[in-house]
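What follows is a short report on a single structure.
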Amino acid sequence: MPADFAPGSWAVILGGSSGFGLATAQLLADHGMNLCVVHRDRRAQLARIEPALAKLRGSGVRVLIHNCDALAPDKRTAVLDALGAELGKGRVRVLLHSIAFGNLKPLAPPALPEASAQPEASAQPEASARPEAPARPAPPVCVPCDASARLAHALDLDAERVQRDVDELFAAGAAQLHSLASAPRYAGTELLDGDDFARTIFNMGTSLLDWLRDLFERGLLAGDARVFGLTSEGNQVAWRGYAAVAAAKVALEALARAIAVEFAPYGVRCNVIQAGVTETPALAAIPGSDHIKAHARLRNPFRRLTTPIDVANVIYLLSLDEAAWVNGAVIRVDGGERIAGESA
């Protein structure tokens with residue numbers, strides 16, 4: 001594949017070992033861009049991601065990979081020191097913020113069904129949108145939802161058996177059954193507090209500024225740099241347990257607009273990609289993600305979820321010279337999912 005970028009062009013990918021970050025890193029490398037990939041994965045996860053990282057190293061471009069906390073100032077300094085030494089006369093053309101590390105506690109305790117007014121499970125550790133440690137909801141107790149209970153009564157069948165069958169079919173991919181499937185249950189009793197919001201907003205939102213400013217102050221940015229953040233439909237709709245992440249997405253969008261204006265005199269373009277519902281480790285961490293995916297499949301005009309490569313393709317296009325006049329935009333990459341009506 002011919003190179004679309006100058007030999008000295010680099011991309012800094014924050015959160016590059018899975019999902020959108022990894023797909024973007026591979027695509028940019030395939031088109032001739034050098035890579036500095038920062039990821040945070042525990043030792044137990046390295047065997048799983050090493051084949052993908054090895055593929056990046058074999059892409060024919062220069063590749064730096066750092067397994068460290070991109071949110072820690074000393075680690076950021078170390079990464080940029082190494083990058084500066086490696087760049088030579090090259091410069092950073094792309095900065096992608098793809099960090100998924102946020103708190104997924106709910107705002108309020110869940111209302112218990114009358115038929116199962118049981119105490120919630122004991123408190124669990126803080127839920128995280130971080131890919132390497134997905135927090136899954138507790139297995140549901142088989143208490144028929146109202147719709148499936150009515151169906152069972154109409155068919156003169158055992159309600160609990162019907163609910164089990166519905167849940168099995170739903171888990172196997174029958175998205176049309178989402179309204180009959182058991183509602184997600186949320187383990188633990190901890191609720192979001194101010195510190196949870198502050199950490200999540202920094203981790204998944206405003207930390208982009210630290211990386212951009214350090215690259216700028218070190219003189220490592222190209223004269224036509226492209227900066228990208230990632231948002232989701234959670235910027236406008238509410239999912240239980242997603243409030244802190246949603247706040248981070250909105251903060252990121254506001255920051256991106258400010259970057260687009262204030263860094264424009266230095267050649268920086270900044271845009272945010274709003275991906276459709278995508279099968280990623282970060283999505284799997286969200287309680288009720290199976291229901292979110294089912295609803296997205298039914299609503300999407302193409303009847304499928306967005307994929308990481310769908311998003312990577314648009315980031316690649318926006319990194320080309322021809323896209324230099326796109327600045328300060330939130331761009332939906334969802335196949336029409338956001339604008340489609342219910343089960344369009």
Side-chain angles (χ1 to χ4, degrees), residues 10-29 34-86 95-105 121-139 187-188 190 195-196 199-200 202-205 207-208 210-211 214 230 241 244-245 248 278-287 289 307-309 311-312:
W10 283 77
V12 175
I13 311 290
L14 308 177
S17 62
S18 66
F20 302 123
L22 177 60
T24 301
Q26 186 63 64
L27 186 60
L28 292 178
N34 305 301
L35 299 175
C36 177
V37 175
V38 184
H39 68 102
R40 180 166 59 168
D41 288 280
R42 296 185 178 94
R43 185 174 300 174
Q45 300 295 322
L46 294 181
R48 175 183 61 81
I49 66 173
E50 183 52 40
L53 298 181
K55 185 178 179 182
L56 291 180
R57 295 187 185 99
S59 298
V61 297
R62 295 152 70 191
V63 177
L64 298 177
I65 297 178
H66 299 269
N67 185 9
C68 65
D69 182 3
L71 303 168
D74 60 328
K75 302 300 183 183
R76 183 174 70 250
T77 296
V79 169
L80 294 182
D81 285 346
L83 177 60
E86 182 72 18
L95 170 61
L96 170 62
H97 186 282
S98 184
I99 296 173
F101 186 34
N103 201 295
L104 294 169
K105 298 175 188 174
S122 58
Q124 300 294 317
E126 172 179 308
S128 169
R130 186 177 172 186
E132 65 268 29
R136 300 294 294 170
E190 291 188 44
D195 287 342
D196 296 326
R199 288 194 301 272
T200 303
F202 171 73
N203 294 347
M204 299 186 70
S207 59
L208 169 62
D210 292 336
W211 280 88
D214 279 5
L230 296 169
V245 177
T278 308
E279 190 83 73
T280 64
L283 176 67
I286 301 173
S289 61
T307 66
I309 193 61
V311 173

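Residue numbers run from 1 in the order of the sequence given. Just so you know, these numbers come straight off a predicted model, no measurement behind them.
- No option in D69, D81, D214 other than D214 meets the salt bridge (charged side-chain N to carboxylate O under 4.0 Å, His left out) test with R76.
- Atom CG of L71 is separated from atom CE of M204 by 10.5 Å, given to the nearest 0.5 angstrom.
- Of the inter-residue distances, the one linking L283 atom CG with S289 atom OG reads 5.0 Å to the nearest 0.5 angstrom.
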Would V79 and C68 satisfy side chain to side chain contact (heavy atoms under 4.5 Å, CB included), going step by step from the backbone distance to the final call?
CA-CA 9 Å; V79 169; C68 65; 3.8 Å; yes
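- Looking at every heavy atom in both residues, S207 comes nearest to I99 through OG-CD1, 4.4 Å.
- In this structure, CG in L53 is found 7.0 Å from CG in L22, a value given to the nearest 0.5 Å.
- Between N67 atom CG and K75 atom NZ the span is 10.0 Å, to the nearest 0.5 Å.
- Put simply, the side chain of L27 does not reach to within 4.5 Å of the side chain of T24, judged on heavy atoms.
- Annotation: side chain to side chain donor-acceptor pair (under 3.5 Å) contacts of T307 (sequence neighbours excluded): D310.
- Between the side chains of R42 and Q45, not a single donor N or O lies within less than 3.5 Å of an accepting N or O.
- In plain terms, the two heavy atoms of G21 and L96 that are nearest each other are CA-CD2, 4.1 Å.
- Here the NZ atom belonging to K105 is positioned 9.0 Å from the OG1 atom belonging to T200, to the nearest 0.5 angstrom.
- Between D196 and E190 there is no side-chain heavy-atom pair separated by less than 4.5 Å.
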Starting from the C-alpha separation in whole Å, work towards a yes-or-no answer on side chain to side chain contact (heavy atoms under 4.5 Å, CB included) for N34 and L64.
CA-CA 8 Å; N34 305 301; L64 298 177; over 6 Å; no
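- Remark: S17 pairs with H39, D41, I49 by the side-chain contact (heavy atoms from CB on, under 4.5 Å) rule, at least two apart or across chains.
- L208 is linked by a side-chain contact (heavy atoms from CB on, under 4.5 Å) to L95, H97, V227, L252, L255, I259, counting only residues two or more places apart in sequence or in another chain.
- Looking at W10, its side chain never comes within 3.5 Å of a backbone N or O of R62 through a donor-acceptor pair.
- Expressed to the nearest 0.5 Å, how far CD1 of I13 lies from CD of Q26 amounts to 11.0 Å.
- Closest approach of T280 to G19, counting heavy atoms only: CG2-CA, 4.2 Å.
- Taking every heavy atom of both residues into account, L230 and S98 meet most closely at CD1-OG, 3.4 Å.
- Of all non-hydrogen atoms in V311 and F20, the two that sit nearest each other are CG2-CE2, 3.4 Å.
- For A285 against L104, the heavy-atom pair with the smallest separation is O-CD1, 3.1 Å.
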